[in-house]
Amino acid sequence: MQLTYGEIFEGYRFALWSHNDIDGYVSMTLELYNGLEPLTEGKYSLSQTILEGNDIPIANASCWINKKISGAIIESEFYSNENIGGVLEIIKIDEEKKFISGTFYFSAVDGNGRFVNITDGRFDVTYKSF
């Protein structure tokens with residue numbers, strides 16, 4: 001699991017990435033753009049973000065699957081959107097020690113209308129700055 005957090009040109013950005021390549025490949029990314037305000041302990045939506053000065057929506061949660069799951073081969077990319085998403089909760093943030101802990105869950109959909117539900121996610125990681 002890798003976490004990058006800090007201030008970039010659009011404001012504060014949180015990017016958490018994890019993957020598993022046992023018997024196939026599954027990766028998950030959470031990206032949160034928080035404007036000019038740094039993250040604080042609390043809950044944040046994982047639907048989508050439209051950056052200031054940019055009309056293109058960005059999914060805050062995504063999942064790539066190329067794996068056999070429950071007997072079916074799944075090869076697809078799933079994204080949150082304006083109608084589906086989830087919640088990222090920051091439980092503790094320590095910018096001096098560069099440490100963030102939290103929980104998350106989200107739903108996402110692929111281009112064929114199939115859904116994936118990610119539940120009971122948790123992280124306690126030291127982050128790198130942008």
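Not measured: the values here are computed from a predicted model.
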The side-chain contact (heavy atoms from CB on, under 4.5 Å) partner of L88 among T103, L16, L46 is L46
Between the CD1 atom in I8 and the OG atom in S129, the distance rounded to the nearest 0.5 Å is 12.0 Å
Discussion item. Any heavy-atom pair between the side chains of E41 and K92 that's under 4.5 Å?
Written reply: yes
Does either side chain, that of K97 or that of T126, offer a donor lying less than 3.5 Å from an acceptor on the other one?
no
Item checked: Y33 side chain reached by I58 side chain, heavy atoms, under 4.5 Å -> yes
Between the CG atom in N81 and the CG atom in N83, the distance rounded to the nearest 0.5 Å is 5.0 Å
Sorted by chain and residue number, the ring pair (Phe, Tyr, Trp, His ring centres under 6.0 Å) partners of Y44 (sequence neighbours excluded) come out as none
CH2 of W17 to CE of M1, rounded to nearest 0.5 Å, is 10.5 Å
Are any of the side-chain heavy atoms of F78 and R114 separated by less than 4.5 Å? yes
- Is there a donor-acceptor pair closer than 3.5 Å between any side-chain N or O of K67 and the backbone N or O of I22? yes
Would you say L39 and Y5 make side-chain contact, with heavy atoms under 4.5 Å?
yes
What one should report as the nearest heavy-atom pair of E7 and Y12 is OE1-OH, 3.5 Å
Minimal heavy-atom distance between S80 and A108, with the atoms involved, is N-CB, 3.8 Å
According to a 4.5 Å side-chain heavy-atom criterion applied to Ile, Leu, Val, Met, Phe, Trp and Tyr, with indirect links allowed, do W64 and I118 form part of one hydrophobic cluster? no
Only residue of C63, S18, S62 satisfying side-chain contact (heavy atoms from CB on, under 4.5 Å) with T29 is S62
Applied to residues 89-126, the ring pair (Phe, Tyr, Trp, His ring centres under 6.0 Å) test, sequence neighbours excluded, yields F14-F123
Practice task
Could you tell me whether a side-chain N or O of S47 sits under 3.5 Å from a main-chain N or O of E82, the two making a donor and an acceptor?
Solution key: no
Do any N or O atoms from the side chain of Y127 and from the backbone of A15 form a donor-acceptor pair under 3.5 angstrom?
-> no
Closest heavy-atom pair, E77 versus D110, reported as atoms and distance to 0.1 Å, is O-CB, 3.1 Å
| Should L32 and I90 be regarded as members of a common hydrophobic cluster, given that ILVMFWY residues are connected when their side-chain heavy atoms come within less than 4.5 Å of each other, either directly or indirectly? | yes
Atom CG of D23 with >12 non-hydrogen neighbours under 6.0 angstrom
no
query: For the side chain of N60 and the backbone of Q48, is there at least one donor-acceptor N/O pair under 3.5 Å apart?
result: yes
| field | Side-chain heavy-atom pair I84, V109 within 4.5 angstrom cut-off | value | yes
Inset, instruction - Would you indicate whether the side-chain heavy atoms of N66 and I74 approach each other to under 4.5 Å? - result: no
Side chains of R13 and N34: closer than 4.5 Å at any heavy-atom pair?
no
By side chain to side chain contact (heavy atoms under 4.5 Å, CB included), I73 pairs with (sequence neighbours left out) K68, E75
- Item | Lys/Arg-Asp/Glu bridge criterion (N-O < 4.0 Å) met for R122, D124 | yes
Could you check if a side-chain atom of S107 sits within less than 4.5 angstrom of a side-chain atom of N117, using non-hydrogen atoms only? yes
